[in-house]
Novice: 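I'd like to ask you about the structure that follows.
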2 protein chains.
Amino acid sequence: MNLSIGALSRETGVKVPTIRYYEDVGLLPEADRTVSNRRTYGPGDVSRLRFIRHARDLGFEVDAIRQLLQMSDHPSKPCQEVDSIARRHLANIDSKIDRLTALRTEIRRMLDSDAHGTISECRVLDVLAEHGKCLHEHH
Amino acid sequence: MNLSIGALSRETGVKVPTIRYYEDVGLLPEADRTVSNRRTYGPGDVSRLRFIRHARDLGFEVDAIRQLLQMSDHPSKPCQEVDSIARRHLANIDSKIDRLTALRTEIRRMLDSDAHGTISECRVLDVLAEHGKCLHEHH
DNA sequence: CTTGATCCTCTAGTGACTAGAGATCGTAAC
DNA sequence: GTTACGATCTCTAGTCACTAGAGGATCAAG
């Protein structure tokens, strides 16, 4: 049931040094050690690490992930602070979804018009750039 | 019509040194200079830079952005290479949207059940972690 | 013509990894 | 048992994408 760091790495697709790094910066708790000082992990660590990997890939920074994990670690205390954090992230996520959807639509349109032989002018750039009107809201 | 680097920065929300950095790494073309060696920019640069900013925020790395910009720079040549790049990005974008949507749903559920006084167990972690089943497909 | 903001280049620091050196540990094969 | 070798350990240094700062030049307002 317990995994070595290498097994955890294979299980999650996160590289071994990166796992150690996440422990260093407090995204993962300090791992239990065997008598010979090797880290051991359980199933909970697998989920947590997969979450971290996806969140990073989605452009959340470590600090944001720390907050999301905190929500998960203390679910029964949705105090005002956690609540406002959640709301802020929700707004950020909505914005990301909107922009990705716009980008997707445009790339699809390009591929599509290409298939039909029409010379397509590419507007991928503009479709995201126009979102620039919502200036400076996310820092 | 022409902007200084500071004006471009205010226009796009991208910091001045970052703009220079993007020029260094080739995301922005080498800027025209005034007689006194200052960079000047036009409206095209505003769009391009906004696009870069959003793309970065959405978790695309500089190299991916370079590819997307190339699509935009040569729209009339949807050769097979560009086409496959677009398709790969499309798949990646779809996946990002899926995961963000799942995360959004779960955060909403938390906020919602909190509002109704129920003690909500937080599953934000699991909802993304389960996507870990689609292992190693992106890079 | 001075003063302050903005620009220039260049070097160095940060965040989030990633790679490598050198040492130790665990197991399987002799 | 002991040798072989792969996985792990710690620690330092390198990469990518910025970000901040020093030191100097330039522009625009007063």
Side-chain angles (χ1 to χ4, degrees), chain A residues 2-42 45-46 48-69 92 128 136 138-139, chain B residues 1-42 45-46 48-69 128 136 138-139:
Chain A
N2 276 21
L3 298 169
S4 69
I5 197 168
L8 179 64
S9 171
R10 282 187 294 279
E11 198 65 28
T12 58
V14 177
K15 292 177 185 163
V16 168
T18 307
I19 296 173
R20 289 196 273 253
Y21 170 74
Y22 286 153
E23 181 178 323
D24 275 359
V25 300
L27 288 186
L28 291 175
E30 293 203 5
D32 291 343
R33 302 292 183 120
T34 66
V35 269
S36 61
N37 198 35
R38 284 153 185 236
R39 293 171 176 84
T40 49
Y41 299 94
D45 296 308
V46 176
R48 195 179 182 90
L49 193 47
R50 280 182 180 158
F51 174 82
I52 296 168
R53 181 168 72 86
H54 284 295
R56 286 291 300 133
D57 186 50
L58 293 169
F60 294 97
E61 43 200 47
V62 164
D63 209 60
I65 296 172
R66 223 189 302 273
Q67 294 177 354
L68 291 167
L69 284 172
N92 187 9
L128 273 195
H136 316 125
H138 343 288
H139 54 99
Chain B
M1 205 69 216
N2 276 20
L3 299 170
S4 69
I5 197 168
L8 180 63
S9 170
R10 280 186 296 280
E11 199 65 27
T12 57
V14 178
K15 291 176 185 164
V16 169
T18 307
I19 296 173
R20 289 197 273 252
Y21 170 74
Y22 287 154
E23 180 178 325
D24 276 0
V25 299
L27 288 185
L28 292 174
E30 291 204 7
D32 291 343
R33 302 292 183 118
T34 65
V35 268
S36 62
N37 199 34
R38 283 152 186 240
R39 293 170 177 84
T40 49
Y41 299 94
D45 297 308
V46 177
R48 194 179 182 90
L49 193 47
R50 280 182 180 156
F51 173 81
I52 296 168
R53 181 168 70 84
H54 285 295
R56 287 291 301 131
D57 186 50
L58 293 169
F60 294 97
E61 44 200 46
V62 164
D63 209 60
I65 297 172
R66 222 188 303 271
Q67 293 177 354
L68 291 167
L69 284 172
L128 273 195
H136 317 123
H138 342 293
H139 68 90

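Letters A, B, ... mirror the listed sequences (proteins, then strands); counts begin at 1.
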Novice: Among B:Thr34, B:Leu8, B:Leu3, which one satisfies side chain to side chain contact (heavy atoms under 4.5 Å, CB included) with B:Thr40?
Specialist: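 Checked B:Thr34, B:Leu8, B:Leu3 against B:Thr40; only one passes side chain to side chain contact (heavy atoms under 4.5 Å, CB included): B:Thr34.
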
Novice: Starting at CG of A:Leu3 and ending at C1' of D:dA7, how long is that distance when rounded to a whole Å?
Specialist: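 Going from CG in A:Leu3 over to C1' in D:dA7 covers 15 Å.
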
Novice: Strictly under 3.5 Å: I want the nitrogen or oxygen pairs between protein and nucleotides 25-30 of chain D, one per line.
Specialist:
unit_1 : atom_1 : unit_2  : atom_2 : d
D:dT26 : O4'    : B:Arg38 : NH2    : 3.2
D:dT26 : O2     : B:Arg38 : NH2    : 3.4
D:dC27 : OP1    : B:Ser36 : OG     : 2.3

Novice: Think A:Arg20 has a side-chain N or O under 4.0 angstrom from the OP1 or OP2 of D:dC9?
Specialist: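 It does, given that an N or O in the side chain of A:Arg20 lies less than 4.0 Å from OP1 or OP2 of D:dC9.
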
Novice: Please round to 10 degrees the angle between the axis of the first five pairs and the axis of the last five pairs in the helix from C:dC1-D:dG30 to C:dC30-D:dG1.
Specialist: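 The two end axes of the helix from C:dC1-D:dG30 to C:dC30-D:dG1 meet at 10°.
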
Novice: Please give, in whole Å, the distance from D:dT8 P to A:Ile19 CD1?
Specialist: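 That distance rounds to 9 Å.
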
Novice: With a 4.0 Å cut-off, would you call B:Arg66 and B:Asp63 a salt bridge?
Specialist: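 Yes.
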
Novice: Scan for salt bridge (charged side-chain N to carboxylate O under 4.0 Å, His left out) pairs involving residues 17-39 of chain B, sequence neighbours excluded, and state none if there are none.
Specialist: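 For residues 17-39 of chain B: B:Glu23-B:Arg39.
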
Novice: Distance check needed: D:dA17 P versus B:Phe60 CZ, whole Å only.
Specialist: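 Computing the B:Phe60:CZ to D:dA17:P distance gives 14 Å.
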
Novice: Find out whether B:Val46 and B:Thr12 are in side-chain contact, i.e. whether some heavy atom of one side chain is under 4.5 Å from a heavy atom of the other.
Specialist: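 Yes; the side chains approach each other to less than 4.5 Å.
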
Novice: Looking at B:Phe51 and B:Ile65, what are the two nearest heavy atoms and their distance?
Specialist: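 Distance-wise, the nearest heavy atoms are CE2-CG2, 4.1 Å.
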
Novice: Among all residues two or more places apart in sequence or in another chain, which pass the salt bridge (Lys or Arg N to Asp or Glu O under 4.0 Å) test with A:Arg56?
Specialist: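 Once residues adjacent in sequence are excluded, A:Arg56 has no partner under the salt bridge (Lys or Arg N to Asp or Glu O under 4.0 Å) criterion.
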
Novice: I want to check something: taking the side chain as every heavy atom from C-beta on, are B:Ile52 and B:Leu28 in contact at a cut-off of under 4.5 Å?
Specialist: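 Touching, per the 4.5 Å side-chain cut-off.
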
Novice: Under a 4.5 Å cut-off applied to non-hydrogen side-chain atoms, are B:Tyr22 and B:Leu49 in contact?
Specialist: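 Side chain of B:Tyr22 against side chain of B:Leu49, heavy atoms only: contact under 4.5 Å found.
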
Novice: Got a sec, which residues hit side chain to side chain contact (heavy atoms under 4.5 Å, CB included) with A:Pro17, two or more places apart in sequence or on another chain?
Specialist: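 Expected list: A:Lys15.
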
Novice: Under the criterion side-chain contact (heavy atoms from CB on, under 4.5 Å), I'd like the reasoning laid out for B:Ser9 against B:Ile19: C-alpha separation, chi angles, the key distance, then a yes or no.
Specialist: CA-CA 8 Å; B:Ser9 170; B:Ile19 296 173; 4.0 Å; yes

Novice: Measure the distance from CD on B:Glu23 to P on D:dT19 and round it to the nearest whole Å.
Specialist: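 Interatomic distance, CD of B:Glu23 to P of D:dT19: 17 Å.
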
Novice: Please produce a list of atom pairs where a protein N or O lies less than 3.5 Å from an N or O of nucleotides 14-18 of chain C.
Specialist:
unit_1 : atom_1 : unit_2  : atom_2 : d
C:dA16 : OP1    : A:Val62 : N      : 3.2
C:dA16 : O3'    : A:Arg56 : NH2    : 3.3
C:dC17 : OP1    : A:Tyr22 : OH     : 3.4
C:dC17 : OP1    : A:Arg56 : NE     : 3.4
C:dC17 : OP2    : A:Tyr22 : OH     : 2.9
C:dC17 : OP2    : A:Arg56 : NE     : 2.8
C:dT18 : OP2    : A:Thr18 : OG1    : 3.2

Novice: Give me the atom names and distance for the closest heavy-atom approach of A:Leu69 to A:Leu27.
Specialist: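 So the minimum-distance heavy-atom pair works out to CD1-O, 3.7 Å.
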
Novice: In whole angstrom, give the distance that lies between atom CG of A:Asn2 and atom P of D:dT8.
Specialist: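 Roughly 14 Å, once rounded to whole Å.
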
